[in-house]
Asks: 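Questions regarding the structure given below will be posed in turn.
Sequence lines set the chain letters: A, B, ... in the order given, protein chains first and strands last, and positions in each chain run from 1. What's counted below: heavy atoms across the whole structure, side chains too, no hydrogens, waters or symmetry copies. Since this is a predicted model, take the numbers as computed values, not measurements.
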Protein chains: 2
Amino acid sequence: MVYKCENEGGVPDVPSHRLDPIDRKILSELQADGRMTNVELAKRVGISAPPCLRRVRTLEEQGFIRGYHADVDPRELGFEVQVFAMVGLQSQAEADLSAFEERCRNWPLVRECHMLNGEVDFVLKCVAPDLSTFQTFLTSQLLTAPNVGSVKTSLVIRGAKDEPGVPFEVLEERLSKSA
Amino acid sequence: MVYKCENEGGVPDVPSHRLDPIDRKILSELQADGRMTNVELAKRVGISAPPCLRRVRTLEEQGFIRGYHADVDPRELGFEVQVFAMVGLQSQAEADLSAFEERCRNWPLVRECHMLNGEVDFVLKCVAPDLSTFQTFLTSQLLTAPNVGSVKTSLVIRGAKDEPGVPFEVLEERLSKSA
DNA sequence: CAGTTGCGCGCAATAATATTTCGCAAAAGC
DNA sequence: GCTTTTGCGAAATATTATTGCGCGCAACTG
């Protein structure tokens, strides 16, 4: 069970030590099927519905669960193209990094933006209805954005694995060892 | 509304042309909040609950919705490390590509695996509880896997954007132009 | 142009589910 | 050993999901 430590919006202390096996099972089940009914979930984790729902609410409030999303198929919707873009900036000053991140947040075609260590500064995951749409975005938006030095793009030929979230198996394994 | 063309498990013909504005709104709403109740969803898309639920079911069956997932916070759960790995193989024969993909599917730390064009063959998105766990995986699993030529890893310093799914705004814009 | 058919909507009824309330019991603290 | 705390579960209530019609509209047909 999650201990409701009210540390004023502060940083959580020791992450998953605050979760008991039932909480972890709940998270695992909801990660696999986010629309499961509460009664079904309760059945699976081995407690009755009311406490199960309380746990879910608490997990949501504490930020362990950030939200729920339908997993829509991009291809079926006409987004045929997926691209990874490796971006290098000219200046790595914090203000410039933030400015670029903010720009990414405003580009709908950019779904993910992660700052990296090493020679490349950012990796972007992009989707687009077709190649020409992406090319237009690339040349008229990304490449011409302030402070952008180099961009290397790679088209996704095919997806081999795309699992959401985290591997709970690894977490359990790890917790059983440290016990 | 989705036309229930029963083309025997075949490839869908013209993707989102089979979806009317209400269907797209449904997908958009469920992508943003996958646990929304059906009544709330119906209210938002402007129809009553029963037809709304029927549409959702159809969208699920037709594969537009692949599933629902709780979005759990990796950090809160003790997964402190996120890494992108660019992998080059020695042989790009189809059998060897497939073999590597299958291997990725069995590695829990690897959450995503995409085949790319260009010099790099695959990009992998990995998570791990800490750096040493990842290093162990890297050296004793990934680097020693058959046919793996080169691996360049980049640690994620910070995440700037991480939106699930597709930008419906782009889809709507596109459909309004072609009309 | 009236008749017919197919399709999707919404109303109303029913079945499930979510959510609240409350009392009890076990673990933690004193 | 006795409070205090914490979380469970049964029961009651409120919401929601789901099913079963009948209606209207638009396309097709004769």
Side-chain angles (χ1 to χ4, degrees), chain A residues 1-7 12-71 76 175 179, chain B residues 1-7 12-71 76 175 179:
Chain A
M1 188 54 181
V2 176
Y3 304 133
K4 292 163 189 161
C5 62
E6 299 291 349
N7 56 358
D13 1 351
V14 198
S16 58
H17 292 159
R18 302 191 292 158
L19 300 179
D20 66 14
I22 295 180
D23 285 320
R24 296 198 299 273
K25 191 83 195 298
I26 288 175
L27 291 172
S28 171
E29 293 289 343
L30 285 180
Q31 176 175 276
D33 178 4
R35 268 212 113 155
M36 189 180 300
T37 68
N38 184 57
V39 283
E40 173 65 19
L41 181 61
K43 197 181 309 172
R44 293 199 189 192
V45 304
I47 58 178
S48 66
C52 185
L53 187 61
R54 280 193 293 262
R55 279 167 181 263
V56 172
R57 293 283 179 263
T58 305
L59 289 168
E60 289 168 355
E61 284 164 20
Q62 303 280 124
F64 289 94
I65 298 175
R66 292 187 290 206
Y68 302 87
H69 306 284
D71 174 19
E76 290 278 325
L175 288 175
Chain B
M1 187 56 186
V2 176
Y3 304 134
K4 293 163 188 161
C5 63
E6 300 290 349
N7 56 357
D13 2 351
V14 198
S16 57
H17 291 158
R18 302 192 290 159
L19 299 178
D20 65 14
I22 295 181
D23 285 320
R24 296 197 299 273
K25 191 85 194 298
I26 288 176
L27 290 172
S28 172
E29 292 289 342
L30 285 180
Q31 176 174 279
D33 178 4
R35 267 212 111 149
M36 189 180 300
T37 67
N38 183 58
V39 285
E40 173 65 19
L41 181 61
K43 197 181 309 172
R44 293 199 188 192
V45 304
I47 58 179
S48 65
C52 184
L53 188 61
R54 281 193 293 263
R55 279 166 181 262
V56 171
R57 295 282 179 261
T58 305
L59 290 168
E60 289 167 355
E61 284 163 20
Q62 304 279 123
F64 289 95
I65 298 176
R66 292 187 291 204
Y68 302 87
H69 306 284
D71 175 18
E76 290 278 321
L175 288 174

Asks: Take the protein atom CG of A:Asp20 and the nucleotide atom C1' of C:dA27, then report the distance between them rounded to whole Å.
Replies: 14 Å
Asks: Of the non-hydrogen atoms in A:Tyr68 and A:Gly34, which two are nearest, and what is the gap between them?
Replies: CD2-O, 3.8 Å
Asks: Could I get the full list of side-chain contact (heavy atoms from CB on, under 4.5 Å) partners for B:Ile22, not counting sequence neighbours?
Replies: B:Asp20, B:Ile26, B:Val45, B:Ile47, B:Arg55
Asks: If the helix axis at each end comes from five base pairs, how far does the helix from C:dC1-D:dG30 to C:dC30-D:dG1 deviate from straight, to 10°?
Replies: 30°
Asks: Output the rounded distance in Å from CG (A:Asp23) to P (D:dT6).
Replies: 15 Å
Asks: Please list, for nucleotides 24-26 of chain C, all pairs of protein and nucleotide N/O atoms separated by less than 3.5 Å.
Replies:
none

Asks: Under 3.5 Å, side chain of B:Arg35 to main-chain N/O of A:Gly67, donor-acceptor pair present?
Replies: no
Asks: Give a yes/no on whether any side-chain N or O of A:Arg54 is located under 4.0 angstrom from OP1 or OP2 of C:dA18.
Replies: no
Asks: Mind checking what makes salt bridge (charged side-chain N to carboxylate O under 4.0 Å, His left out) contact with A:Arg57, not counting sequence neighbours?
Replies: A:Glu60
Asks: Please report, rounded to the nearest Å, how far the P atom of C:dC9 is from the CG atom of B:Leu53.
Replies: 12 Å
Asks: Please tell me which of the listed nucleotides, C:dG10, D:dT18, C:dA18, lies nearest to the side chain of B:Ala49?
Replies: D:dT18
Asks: For residues B:Gln62 and A:Glu76, report the shortest heavy-atom separation together with the two atoms involved.
Replies: O-OE1, 4.0 Å
Asks: Applying salt bridge (charged side-chain N to carboxylate O under 4.0 Å, His left out), can you list everything that pairs with A:Glu40, at least two apart in sequence or on another chain?
Replies: A:Lys43, A:Arg44
Asks: Can you check each nucleotide of nucleotides 11-16 of chain D against protein heavy atoms at under 4.0 Å and return B for base, S for sugar-phosphate only, - for none, in 5' to 3' order?
Replies: B----S
Asks: Please report the distance, rounded to the nearest Å, between CD1 in B:Ile47 and P in C:dC7.
Replies: 18 Å
Asks: Drop me the distance from B:Asp71's CG to A:Gln31's CD, to the nearest 0.5 angstrom.
Replies: 9.0 Å
Asks: Within this structure, what is the CZ-CG distance for the pair B:Arg24 and B:Leu59, rounded to the nearest 0.5 Å?
Replies: 11.5 Å
Asks: Quick check for you: to the nearest 0.5 Å, what is the distance between A:Asn38 atom CG and A:Leu53 atom CG?
Replies: 4.5 Å
Asks: Grab the CD-P distance between A:Glu40 and D:dA17 for me, whole Å please.
Replies: 16 Å
Asks: A:Leu41 has an atom CG; how far is it from atom C1' of C:dT19, in whole Å?
Replies: 15 Å
Asks: Taking OH from A:Tyr68 and C1' from C:dA18, how many angstroms apart are they, rounded to a whole number?
Replies: 13 Å
Asks: So, does B:Arg55 get its side chain near the phosphate of C:dG8, meaning an N or O under 4.0 Å from OP1 or OP2?
Replies: no
Asks: Can A:Leu27 and A:Leu19 be said to form a side-chain contact (heavy atoms from CB on, under 4.5 Å), step by step?
Replies: CA-CA 10 Å; A:Leu27 291 172; A:Leu19 300 179; 3.8 Å; yes
Asks: Begin from the C-alpha positions of A:Thr58 and A:Asp23 and carry the test side-chain contact (heavy atoms from CB on, under 4.5 Å) through to its verdict.
Replies: CA-CA 10 Å; A:Thr58 305; A:Asp23 285 320; over 6 Å; no
Asks: Given that A:Arg35 and A:Gly46 both sit by DNA chain D, which one's nearest nucleotide is further toward the 5' end?
Replies: A:Gly46
